[in-house]
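For ligands, and for the atoms within them, numbers begin at 1 and follow the listed sequence. One is the number of the first residue; the rest follow in order along the sequence.
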Amino acid sequence: MSSGAWRLDHVAIAVGDLDAALAFYRDVLGLPVSGVERVEDQAVDVAFVGEEPGRVELISPFRESAVTRFLEKRGEGLHHVALRVRDLDATLETMKKQGVPLIDEKARVGAHGTRVAFVHPKGARGVLLELVETND
Ligand code: CO
């Protein structure tokens, strides 16, 4: 794919209790954590652990959502891996042409106002993949 440098943006962990998760990463491991941000579009509260790139994203649902169902079914754990792309629209077009199953055919708004899209695990070897547009 010719959409620029691919790089790990973050790994996301679904948690039931964000405060308890933050207490572990911040107080036990001593890592820097960001403030909590509500991402309406995905119905989750989000906090980042560590510094970019390669941060850990803690996501916790504040109402019924896909993440609630994930927690009910599988419990807390790895939810998705996020990679950076330069041109998200072009990347999605290329994937569509190649028949990659997408959850988002168009970009949506992610944490910190970024443009993101999710690729179905069937298209990414069993892992829910988030693409984050970045100019870095
Ligand atoms: Co994410």
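With respect to E72 and R69, no salt bridge is recorded, no charged nitrogen being found less than 4.0 Å from a carboxylate O.
For the residue pair T94 and T91, no side-chain donor N or O sits within less than 3.5 Å of a side-chain acceptor on the partner.
The salt bridge (charged side-chain N to carboxylate O under 4.0 Å, His left out) test with R115 is passed by exactly one of D89, D104, D41: D89.
Residue pairs that meet the ring pair (Phe, Tyr, Trp, His ring centres under 6.0 Å) test with at least one member in residues 90-109, sequence neighbours left out, do not exist here.
Listed by chain and residue number, the protein N/O/S atoms under 2.8 Å of the Co ion (ligand 1) are H10 NE2, E57 OE1, H80 NE2, E130 OE1, with waters left out.
By the side-chain hydrogen bond (donor to acceptor under 3.5 Å, both in side chains) test, R74 is found to be paired with no residue, residues two or more places apart in sequence or in another chain being considered. With sequence neighbours excluded, the residues satisfying ring-ring contact (aromatic ring centres under 6.0 Å, His included) with H80 are H10, F118.
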